[in-house]
4 protein chains.
Amino acid sequence: MSDDEKLVGEFPFLPKQERAQAKRNALIESGYALFHKKGYEQTTAKEIAAHAGVATGTFYRYFSDKRQLLMSLLEDKIETFLPPEISWLSSNPVDALASSLEIHYNRIHEFGLRHVLPELLSKDSELAAVLDNARKRIHARIFNGLKKAGEKGLTWDDLDLDTLSWAIMMIVENGLDKTSQSEKPSAYQDIAKLICRMVFPPRVLVQLSKNDAEAE
Amino acid sequence: MSDDEKLVGEFPFLPKQERAQAKRNALIESGYALFHKKGYEQTTAKEIAAHAGVATGTFYRYFSDKRQLLMSLLEDKIETFLPPEISWLSSNPVDALASSLEIHYNRIHEFGLRHVLPELLSKDSELAAVLDNARKRIHARIFNGLKKAGEKGLTWDDLDLDTLSWAIMMIVENGLDKTSQSEKPSAYQDIAKLICRMVFPPRVLVQLSKNDAEAE
Amino acid sequence: MSDDEKLVGEFPFLPKQERAQAKRNALIESGYALFHKKGYEQTTAKEIAAHAGVATGTFYRYFSDKRQLLMSLLEDKIETFLPPEISWLSSNPVDALASSLEIHYNRIHEFGLRHVLPELLSKDSELAAVLDNARKRIHARIFNGLKKAGEKGLTWDDLDLDTLSWAIMMIVENGLDKTSQSEKPSAYQDIAKLICRMVFPPRVLVQLSKNDAEAE
Amino acid sequence: MSDDEKLVGEFPFLPKQERAQAKRNALIESGYALFHKKGYEQTTAKEIAAHAGVATGTFYRYFSDKRQLLMSLLEDKIETFLPPEISWLSSNPVDALASSLEIHYNRIHEFGLRHVLPELLSKDSELAAVLDNARKRIHARIFNGLKKAGEKGLTWDDLDLDTLSWAIMMIVENGLDKTSQSEKPSAYQDIAKLICRMVFPPRVLVQLSKNDAEAE
DNA sequence: TATGAATGAGGGTTCATTCAT
DNA sequence: GATGAATGAACCCTCATTCAT
């Protein structure tokens, strides 16, 4: 399956750029894996290089230092932070939300770098900017979804959308693993229900599910 | 010239134990201040000792290492994490909650170690345990408050209290500073309202404020 | 766009050897320029190659290492060290010497490698030999000039020509820039006068300038 | 002979400050020895520490880096650069100068750092300043000696003292080792004679030695 | 006990040199 | 030949920890 072996007689190479790209990616993946496993400060450039199967010096061909690798890593992976679009207008918002949450929590969990970042933020404003930007995008995405729902007259009419988006983000952003001792199957349903109660007045929820029932 | 040498046969002001205790405290406070300002990894034992006005070696008489100082520090300060008791039963739960939130956010903000901790957790399970324990206490406190309210029939009747407590904790634990660009005066009110909507059905909120009005 | 590719069936302008020679020269010139600007130790092979417009590896086709390039460089440029022939017999030796000095100081100054070499000498006897050889040639040139003047009976009759040549070399070799704060226009004249006093007894100087006056 | 062993029962220490000073000195001496032997760039901080019998880190307690050790070293040793006071007024200036030269050349030779410095000067202006200052002191010392002789009417009356001092400095500063192949016993005498010819008109030299003869 | 000088392993980074393409 | 990515030994420097005083 290796890209290096095709036909007879070996053509053992990718064009230069691709090979370099591959190496760069290997370093990013190694950085990711090791930051994830051991934390950022505890991981050395040497280790990352070794894990990627290249020499120490090669690390510095692709990245000016460890920090810059982290930045690249984040830019590559930051999409993971974005929650999926939430369809508030669906006939059954609780279920829809629950399934969105499940997908998102899994992605977040898979992207295990959240706990690596906080200490760095205070001393690295560029990094902070990258993350802050990601956060703003999440917030905006939630905000816009809610706004559409609001325009249809579905939400509470005295909502502060900014605060609400933020609160949802807080819930969405923090994995379930914190209290994972319980890990009950209905967790996503329960969270979805809570969030819906912040968003919709009860009558809307009833109405929506009635539509749902009729539609069946 | 030392404080310890005056006249003959001087009495040290504090019994030995107390003086040692004072030194220990000075180290903890210095550690706290420096971790806060520069981050945990960026702070050296020497700096902490210097800041506390003792010699480097003295640090190691009181703490086996930097990590252990952090643990002690947390045990001293962890109370700050605990939100104040929330009086869900108050006649005006939104206002009561808003004011509790404000107090708590301020305390959390003042305790600036939150951003120092996460990376350490992954490699130090003992530390994780300390924090997890704090978290459990917060959760329990919220949980119990809600339970009492539930027993009075005030809350939604299909609540999963565990999940709800957790969601409130997520909102409560994460400072407002994240989206601090807005920083509107009504922020606490808005958050409190959202939380109350997760907890109480509308009619209860109406009822409670009616009581409130009548009481006046 | 390369110079090598124009039309079909292009003739390379230079035979292979010449092109190689050109590359070699480019490397030497680049080495010279960079050693001059940044010092020997501070200049990397990569930089020299880049400055010469060739790949790093190409450097090592032409020179076994950086040191060897320096040697070649010196062999190319060492002529600059040689002071111009000094015409002691001229009717006005002071003026003649002054003008020779001016020319030589300028050449020495333009060849800015003097400050690069000394440290290398102690650890590289081959390099030391190259420079020592250059020095011997300078010494010999001065020595022979003086000898001719001596044979005409013009110099002090108790001169040790070896020592005198050496002393002149010391003065000639070290630029004026050391005490350049003064930088007076008469500097070369003054030095020339001093040197002439080491070489000629006063009466010869008088005699020579008398001839000079008569000749006019 | 060690300072550590006196009497019975060992009193194995110097007061703290002295021990620190001793260590600092050991480092300076080691730096000196190694710079001398291998050159500045070729000597590592680790080596200096090892040679001084201390750990690498100890080096950095006493010096911020290698460069700073060099500066201290120079400040310690720079006196060696200063030639001894030259007594131009002595009855036999050639002999007096010859003996001064011999002393100075030996000192210079013993202080083998001259060849270490030049490359550094171009990139380290602080270091350049230290050396420039030393040079100025040498120049001033020679200058003043000459001035006194001039005031007594002993020297050529059309001397530019600045240039003359500089020329003498060039001769004095550069060891004999350059052309050391010859190394004849009369070398100092010969040089002294040359210098005296730059300074004194012949009649003064004659006069002075006549005085000398009479005094005997 | 308190001190702070000393330790030395280990981190980040550079660069002369090689070698597959 | 020419290329330039890759190598890895070696550099500089830091700092957690020890220990003689």
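Letters A, B, ... mirror the listed sequences (proteins, then strands); counts begin at 1. Just so you know, these numbers use all the heavy atoms, side chains as well, and skip hydrogens, waters and symmetry mates.
Checking the phosphate oxygens (OP1, OP2) of E:dA5, no side-chain nitrogen or oxygen of D:T58 falls inside 4.0 Å. In terms of phosphate contacts, D:K46 brings no side-chain nitrogen or oxygen within less than 4.0 Å of OP1 or OP2 of F:dC12.
The heavy-atom pair separating C:L27 from C:L69 by the smallest distance is O-CD1, 3.7 Å. Taking all atoms of both residues into account, the shortest heavy-atom contact from A:A55 to A:A49 is O-CB, 3.6 Å.
The cationic group of B:K23 does not satisfy the cation-pi geometry with B:Y62, failing either the under 6.0 Å distance to the six-membered ring centre or the 45° limit from the ring axis.
Separating the CD atom of D:Q42 from the P atom of F:dA9 is a distance of 21 Å, rounded to the nearest angstrom. What separates CZ of A:F59 from P of E:dT14 is a distance of 12 Å, to the nearest Å. For the pair B:I48 CD1 and F:dT14 C1', the computed distance is 16 Å after rounding to whole Å. Atom CG in A:D65 sits roughly 9 Å away from atom P in E:dT14 (whole-Å rounding). When rounded to the nearest whole Å, the span between CD of B:Q68 and C1' of F:dT17 equals 14 Å.
With distances taken from any side-chain atom of B:T56 to the nucleotides F:dA6, E:dG11, E:dA5, the minimum falls on E:dA5. Residue B:Y60 places its side chain closer to F:dT17 than to any other of F:dA9, F:dT17, F:dA6. Comparing E:dA5, F:dA5, E:dG11 against the side chain of A:T44 picks out E:dG11 as the nearest.
Position along DNA chain E of the nearest nucleotide to B:V54 versus D:K23 favours B:V54 as the more 5'-ward residue. Comparing A:T43 and C:K66 by the nucleotide of DNA chain E that holds the closest heavy atom to each, the one mapping nearer the 5' end is A:T43. Between D:A45 and C:G53, it is C:G53 whose nearest contact on DNA chain F lies nearer the 5' terminus.
D:K37 places no side-chain N or O within donor-acceptor distance of the main-chain N or O of D:T43, the cut-off being under 3.5 Å.
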